[in-house]
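Here the structure comes first, spelled out in structure tokens, and everything after it is commentary.
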Amino acid sequence: DTGVSQNPRHKITKRGQNVTFRCDPISEHNRLYWYRQTLGQGPEFLTYFQNEAQLEKSRLLSDRFSAERPKGSFSTLEIQRTEQGDSAMYLCASSLRPQETQYFGPGTRLLVL
Amino acid sequence: AQSVTQPDIHITVSEGASLELRCNYSYGATPYLFWYVQSPGQGLQLLLKYFSGDTLVQGIKGFEAEFKRSQSSFNLRKPSVHWSDAAEYFCALYPDSNYQLIWGAGTKLIIKP
């Protein structure tokens, strides 16, 4: 068990470009979560998967954001037409069952210029 | 409404001194409560959790927390801090939904030599 991993760790992009992040959860965990965190704030929920099914998506999430978990293992988060306001740390977490501990990856820090 | 409040944005403590970080919650039933720690540029690491049972919970790195239903609090304590404890600390709870953690805004711990 190597924990939750995320790639890349850092991403710098120009406004208007598309970016994609990857999250590999702990292997036996079927629940996967994406959060966004800005400086001085707690994590903000983005979306949640149970196996390959995306069960919930935050109403704060614009249509430019999409997430997939095609085989119930790793997940990708894509941001289209990035804006400067998308600059943040994007965190992935996984858990074994509902209301059990969520284990976090190291995050992907995005900077949109 | 369900919420988590961490009243202190920053706390400065001398190395070797004791520490208490405050967390208050608003929730109708007994919540599942967590404390996470985040070092600069890193993901979130679980320190401890309370689900039920003994209200004094022991965690990693010498931390403990006490659940007090009458005060709606879950304060984090450590008898003697080390310089390596400098980080940001987040309190969180699971409300009725089974996936979306509700987070406090965090408390940044600064250690004076």
Side-chain angles (χ1 to χ4, degrees), chain A residues 2-10 21 23-26 29-51 53-61 88-111, chain B residues 2-11 21-25 27 29-52 57 59-60 65 74 76 87-110:
Chain A
T2 57
V4 179
S5 62
Q6 292 186 246
N7 289 287
R9 293 291 309 276
H10 301 90
F21 309 141
C23 171
D24 288 88
I26 293 172
H29 287 184
N30 54 26
R31 284 161 174 79
L32 187 147
Y33 315 80
W34 285 99
Y35 293 87
R36 177 171 60 191
Q37 186 182 26
T38 53
L39 280 174
Q41 300 297 318
E44 173 189 30
F45 171 79
L46 294 179
T47 191
Y48 158 65
F49 290 86
Q50 180 176 318
N51 298 313
Q54 187 174 17
L55 298 187
E56 187 69 22
K57 187 175 175 180
S58 169
R59 286 169 289 187
L60 301 175
L61 207 59
M89 172 81 91
Y90 290 84
L91 295 165
C92 176
S94 69
S95 71
L96 186 57
R97 282 181 286 272
Q99 292 194 310
E100 286 207 355
T101 302
Q102 293 184 20
Y103 293 92
F104 284 80
T108 295
R109 183 167 293 284
L110 173 66
L111 178 61
Chain B
Q2 301 148 351
S3 65
V4 175
T5 302
Q6 294 180 248
D8 304 303
I9 298 173
H10 300 100
I11 281 192
L21 300 181
R22 295 184 290 165
C23 172
N24 295 100
Y25 67 88
Y27 184 63
T30 299
Y32 292 178
L33 291 160
F34 304 82
W35 274 100
Y36 285 86
V37 61
Q38 187 175 35
S39 297
Q42 301 298 313
L44 292 140
Q45 181 182 22
L46 178 72
L47 284 176
L48 49 79
K49 60 188 178 186
Y50 172 78
F51 282 6
S52 65
V57 180
I60 63 170
F74 188 56
L76 182 71
E88 190 147 23
Y89 292 78
F90 291 93
C91 182
L93 71 81
Y94 266 130
D96 296 325
S97 63
N98 66 359
Y99 55 84
Q100 187 176 154
L101 282 168
I102 294 177
W103 296 84
T107 297
K108 186 173 182 179
L109 176 63
I110 300 164

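In what follows, every chain begins at residue 1, and chains take the letters A, B, ... in the order their sequences are listed. Computed over heavy atoms, backbone and side chain alike; hydrogens, waters and symmetry mates excluded.
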side-chain contact (heavy atoms from CB on, under 4.5 Å) between A/Gln41 and B/Phe90, intermediate numbers included: CA-CA 9 Å; A/Gln41 300 297 318; B/Phe90 291 93; over 6 Å; no

Could you give me the CA-CA distance, side-chain angles and deciding distance for B/Tyr94 and A/Glu100, then say whether side-chain contact (heavy atoms from CB on, under 4.5 Å) is met? CA-CA 9 Å; B/Tyr94 266 130; A/Glu100 286 207 355; 5.8 Å; no

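- For the set A/Gly105, A/Pro43, A/Gly107, the count of heavy-atom pairs under 4.5 angstrom toward chain B peaks at A/Pro43.
- Other residues, nucleotides and ligands place no more than 12 heavy atoms under 6.0 Å from the CG atom of A/Leu39.
- Minimum interatomic distance between B/Gly43 and A/Leu91 (heavy atoms only, all atoms of both residues): CA-CD2, 4.1 Å.
- In terms of heavy-atom proximity, B/Gln42 sits nearest to A/Met89 at O-CE, 4.1 Å.
- Proximity to chain A is absent for every atom of B/Gln45, based on heavy atoms less than 4.5 angstrom apart.
- One finds the CD atom of B/Gln100 at 13.0 Å from the CG atom of A/Leu55 (value rounded to the nearest 0.5 Å).
- Within the 4.5 angstrom heavy-atom criterion, no atom of A/Glu44 approaches chain B.
- When the candidates A/Gln6, A/Arg109, A/His10, A/Gln37 are compared by the number of heavy-atom contacts under 4.5 Å with chain B, A/Gln37 comes out ahead.
- Interface remark: B/Leu46 contributes side-chain atoms only to the contact with chain A (heavy atom separation under 4.5 Å).
- Of all heavy-atom pairs spanning B/Tyr36 and A/Thr101, the tightest one is OH-CG2, 4.0 Å.
- A 4.5 Å side-chain heavy-atom check between B/Leu101 and A/Tyr33 finds every atom pair outside the cut-off.
- The 12-atom threshold is exceeded at NZ of A/Lys57, counting heavy atoms of other residues, nucleotides or ligands nearer than 6.0 Å.
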